[in-house]
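A quick write-up on the structure given underneath.
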Amino acid sequence: MRFARFNGLNVGIQESKEAVLAADSGLLEDKTQFRYGLKSLFCCEPDEGELFDQLYEQFWGNERGQLSGTTTYQNQSNIQKKAPASLVMMGSGKTEPNEEGEEARNVSGANETERIRKTDFSKLNAIDSQMLEELALKLFQQMSKRIKRKMKNSTKQGRVDLRQTIRNSLSHGGDPIELHRRKQVPKKQRLIILLDVSGSMDKYSFFLLRFIWSLRAHFETVEAFIFSTSLIRITDYLDAKDLEWTLTVLSMKANNWSSGTQIGDCFRTFNEQYAKQVLAGRSTTIILSDGLDTGEPEDLATELNKIKRRTRKLIWLNPLKGMQGYEPIQRGMAAALPELDVFQSAHNLNSLLELERYLEEV
Amino acid sequence: MFNNIHALIDSFEQQKYIADEELGTILFLMLQLGKPVLLEGNPGVGKTEVANVLSKVLDTELIRLQCYEGLDVHSTIYEWNYQKQLLSIKIQEQSEKSDEEKEEHIFGSEFLLKRPLLKAITASEKPPVLLIDEIDRADEEFEAFLLELLSAFQISIPEMGTVQASHRPWVILTSNRTRELGDALKRRCLYHWVNFPSLEKEMEIIQKHLPNMEVSLVNRMVKLVQYLRTQKLDKAPGIAESLDWARGLLALGFADLDEAGIEKSLGCLLKSVDDIQRVKSTGIQQLLTEIEA
C-alpha cells in the first residue's frame, strides 16, 4: 500500500483498512481476484486503473523495471517554452505608441477611466495597458460578483406563492388545500469559453484571458479552452489564486500560441473530446475569436452547428467588430453567423462588460 | 450469501448476465464490505443492468433513482402530503382532541410520501438494492448530500427525527462520465470501469438472450458491431443496441447478413442520422468485406 501511495495512487488509511478486510474475506486465495479487489479499492479513474496494473506487476511480478507509463505527474518536462508567446502573455508585447494610439488618447470629453474603458486593446501603449489591467481586474470582479448575486437570487424561486395560493383556495372555501409554487428555475449554469490565441488575436488574447480568469474566480462551473491550430483545455490552470502564475504556466503550455488558426478542426476536437462532458445540461458557450480561419468554412459551420445543438446559448465575441466599417464577410465568420445567438464585439473593456447582460440571463 | 466469487458469477449468468471475473470480484467485495459500487463506462455497456440482476440474484427489492440536472434533495428523500394533511385537519376540527394531539397526528408517517432514498433506508424485510443511475447528471450539491447518506446511512426529517437504516442497502451508482465526479464520492465507493465486451463475450451475451439465433449470424453480427465501435461515430452502439439489432434481424426473418438486411435494420443499431448516413456513404458492402477480412 505504501508502494502504491508513493507512486501516485490515492491510498489512505481507510483504503488500507478495507484492503485488509477484503483479503480477510477470502480474496487472498486467488491472485487475480485479489488484484481486481485492490484495484477497485485504490483506483478512482480509468487512468489510475492502468497505473495500478503496472504497479501491481512491478510489486508482485518478477519484473523490477522502471515504470514505463506516461503518468501525469511527469509531464512537466514536456512543456516547451516559447519566448514570443510568453512575452505576449506576460503583457510585454505591447504596441509602441503610434498614430492610432494618439488618436485613441484624444477621445474628447471623457475622463481617464472612461477613455481607457473605450480604447481598443490593440491601440494601447505600455503605460495605458498597465492602467487598463488594474481597471479591468477591478471591473471584472465587480461584474462577476453582480452576476453571481443575481444567479443566487434566482435560485430562491420555487417557494410558496402566497398570493396565488389564496386565490386558488377560494374554490375550497378559503382553505389553502393546494399550495401554489413559483416555477423552479434550475440553478446551475455552465459557462464554456473558447478563446482564440492565434497570431491575429495576439493583441486581444492577453486581456481576454484575464477576463476569463476573473469569471472563473467567481463562477463555479466555467470550462475554458484555448485554440489556434489545436485545442487545449485550460480549466485546471485557471484555478490558481495567482493570475501571473496562471499566465506563465499557460504561455508555457500553449506551444502553438500566436500561430495560424484552424477553427473548424479545433471545434471538431472540442466536439469529439469534450462536448459530451462540458456541454451537458444548460450551458452557455462563449467563443472569443476574430473568425479569421484558414480551414474550410463548411467544417466550421458543421462543427459550430453541433455545438449549437448542445448548448443553450451561443455567443461569439469578435474583437474586430469594434472596428469602424467592419463587416463579418470573411469566409469563416460568414459561415459561423447563422448559428450564433449573440454576435458582439470584444475590443475594449466596455464591450466585455456588456457581456454581463447576457450572462445574467443564463 | 455467496461463498466465493464464482458462485456469484454463476448466479449472474443464470439471470442472463455475463459478468467477468473483475466485476464479479467487485460485487463480491461489495457484499463483504458493505461499500457502494461506482460503475463508470460508455452508454450501453450494461451498468444499470448490473443493479437489476443483482436485485434478482439477491431476491430483494430494486429501488431506482434516476438522476437529472436540478434534482433536489426533497424529491429524492421525502415530501409531506399537504393535501392530505389539510383535509385531515378539516376532519379533525369537529373532534374532541386537544390541539397538541391534533398537531402530533399531522406529521405522522401516513402523511409522509417516501421518495427512493428514504424508501431504501426504511426497507423493513431485507436490504434492498439501491440504484442511483447516472449520478453524473445530478448537481454537485446532490452529490455532496449523497456523501452523508452513503457513509452514515441515516436521514433526518426535522418533524420526525432521524431515521436510521434498518438494513444497509446495497448501493450501485452509475455514471457515463459526462461530468467528473468528486473525489470524496469516489473514495467512498468501489470503482469499476465497464468496458465494451470482447467478441466472445458479446456473442455469449446475445446467445444467452436469443438461443435460437444461428451461431454464424451472431458471429458476423457481433463482428460488425465491434467494427463499428472502432469507427468514429457520434454514438457507438452499446450491448443494448446489438441485442436490439439481433432481435430486429430475427423479427425480420433474416438468416444471414446481407446488404439489404443491414440497410433495413440499421436504425436498431445506430441512433443518429449522421451516423447512419456516414455508414451508408462508406458503403455497406465495404463494411461486410471489412469484417470478413
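Reminder, nothing fancy here: chain letters follow the sequence lines and each chain counts from 1. Heavy atoms only: backbone and side chains are in, while hydrogens, waters and symmetry mates are out.
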Close side-chain approach of [X] and [Y], heavy atoms under 4.5 Å:
X	Y	value
B:His192	A:Cys43	no
B:Glu22	A:Gln33	no
A:Ser40	B:Leu29	yes
B:Ile26	A:Lys39	no

Measure A:Asp30 against the heavy atoms of chain B and call it side chain, backbone, both or neither at under 4.5 Å.
->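 Side chain only.
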Which region of [X], side chain (C-beta onward) or backbone (N, CA, C, O), has a non-hydrogen atom less than 4.5 Å from a non-hydrogen atom of chain A, or is it both or neither?
X	result
B:Gln83	both
B:Tyr68	neither
B:Leu190	both
B:Lys84	neither
B:Asp274	side chain
B:Arg187	both

Closest heavy-atom pair and its distance - B:Tyr191, A:Cys44 |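 Closest pair (atom of B:Tyr191, atom of A:Cys44, distance): CE1-O, 3.3 Å.
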A:Arg268 side, atom CZ; B:Lys232 side, atom NZ - distance, nearest 0.5 Å |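 Rounded to the nearest 0.5 Å, the CZ-NZ separation comes out at 7.5 Å.
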Pairwise distance CG(A:Leu21) to CD(B:Gln32) - rounded to 0.5 angstrom |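 Atom-to-atom, A:Leu21:CG and B:Gln32:CD are 9.5 Å apart.
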Is the number of heavy atoms from other residues, nucleotides or ligands under 6.0 Å of B:Glu148 CD greater than 12?
->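 Open.
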Is B:Arg137 atom CZ crowded by more than 12 heavy atoms from other residues, nucleotides or ligands, each under 6.0 Å away?
->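 No, not enclosed.
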Answer yes when A:Glu45 and B:Lys186 have at least one side-chain N-carboxylate O distance shorter than 4.0 Å, and no when they do not.
->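 Salt bridge: yes.
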Counting heavy-atom pairs under 4.5 Å to chain A, which of B:Asn176, B:Thr25, B:Leu33 comes out on top?
->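 Result: the option with the highest number of such pairs is B:Thr25.
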